[in-house]
Amino acid sequence: MSHQFNPNRRIYKVSLLGDGGVGKTSLRKRYLGEGFKQNYMATIGADFAIKKLNEEGNDIIQIWDLAGQQRFSLVREAYYLGTKGAILTYDITRPDTFYSIPNWIGELMNNIRSDNPLPMALVANKIDIRTTSGVGCVSKEQGIQYAMDLAEWAKMDVPYIETSAKTGFNVDKMFGTLIQNIQFQDGSAFNL
């Protein structure tokens, strides 16, 4: 089978960003239909996958899952090249991962070499384990407010999306919403 150049092909490179252990790999695997595993090995550097967004294969999402540990920050630099959108992920049960989101935005902006922000989504993961009292968890209100602050800074919609990689809740919505925002930014809209 030969691979021919397709002038109609659109590739949407999305970077999954966030601290180690927030569930980025699990979200990616769930979106690709690989299911959920309770235990995982930490991503080293980056891992990526692709998925066709339509039957013809003209529209493809490349999902770059970047290692969240600080010790990989120098390695991550090269993986930002060509990024069209970012999913900023935190674990609602670990507030420190929420408070580190500005560091991820800073790293993204430094490495895309642009003064203009990319389409982003703020993703509150692991809502399936939110305690009933909510004590110790990042509240939905905090997430919504931060997404609104980001939208004002970026001068574009930054959706706040609660997800569960374990149950699959809102995982497709998370990727679909970001892709639609990328298409809106670059004028290449199509229906998912």
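In what follows, every heavy atom counts, from backbone to side chain, and hydrogens, waters and symmetry copies are set aside. We're numbering straight along the sequence, starting at 1.
The minimum heavy-atom distance linking G143 with Y90 is given by the pair CA-OH, 3.6 Å. For the pair Y160 and A147, the tightest heavy-atom approach, listed with the atom from each and the gap, is CB-CB, 3.7 Å. The heavy-atom pair separating G85 from T83 by the smallest distance is O-CG2, 3.2 Å. The minimum heavy-atom distance between K24 and L17, with the atom names listed, is CD-C, 3.5 Å.
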Inset, instruction - Just do the side-chain contact (heavy atoms from CB on, under 4.5 Å) check on Y12 and L178 with the steps written out, would you? - result: CA-CA 10 Å; Y12 302 97; L178 183 62; over 6 Å; no
Inset, instruction - Report the C-alpha distance between Y99 and V138 in whole Å, list the side-chain angles of each, state the deciding distance to 0.1 Å, and finish with yes or no for side-chain contact (heavy atoms from CB on, under 4.5 Å). - result: CA-CA 10 Å; Y99 294 117; V138 178; 5.7 Å; no
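Using a 4.5 Å heavy-atom threshold, the side chains of K13 and W64 count as touching. In this structure the side chain of I112 reaches within 4.5 angstrom of the side chain of M109, judged on heavy atoms. When side chains are defined from C-beta on, V14 counts as touching I182, because their heavy atoms get closer than 4.5 Å. Looking at heavy atoms from C-beta onward, L150 lies in side-chain contact with L88 at the 4.5 angstrom threshold.
A donor-acceptor pair under 3.5 Å links the side-chain atoms of R30 to the main chain of K166, judged by distance alone. Using modelled atom types, no side-chain atom of T177 and backbone atom of M174 make a donor-acceptor pair closer than 3.5 Å. Here the side chain of Q142 pairs a donor or acceptor atom with the backbone of S139 at under 3.5 angstrom.
To the nearest 0.5 Å, atom OG of residue S15 and atom CG of residue L108 are 7.0 Å apart. With rounding to the nearest 0.5 angstrom, the NZ atom of K173 is 11.0 Å from the CD atom of Q180. Taking CG of L118 as the reference point, atom CD1 of I105 lies at 11.0 Å (rounded to 0.5 Å).
In this structure Y146 satisfies the ring pair (Phe, Tyr, Trp, His ring centres under 6.0 Å) test together with F98, sequence neighbours excluded. For the ring pair (Phe, Tyr, Trp, His ring centres under 6.0 Å) test, no residue two or more places apart in sequence or in another chain qualifies with F169. Every residue meeting the side-chain contact (heavy atoms from CB on, under 4.5 Å) condition with M148, not counting sequence neighbours, appears here in chain and number order: I144, Q145.
Pairs passing the salt bridge (charged side-chain N to carboxylate O under 4.0 Å, His left out) check and including a residue from residues 140-163, sequence neighbours excluded, read R130-E162.
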Side-chain donor/acceptor pairs under 3.5 Å, residues 119-128, sequence neighbours excluded:
unit_1, atom_1, unit_2, atom_2, d
N125, OD1, T163, OG1, 2.9
N125, OD1, A165, N, 3.4
N125, ND2, V22, O, 2.9
K126, NZ, G21, O, 2.8
K126, NZ, D91, OD2, 3.2
D128, OD1, S164, OG, 2.7

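Under a hydrophobic-cluster definition in which Ile, Leu, Val, Met, Phe, Trp and Tyr are linked whenever side-chain heavy atoms come within less than 4.5 Å, directly or via other members, I179 and M156 are assigned to different clusters.
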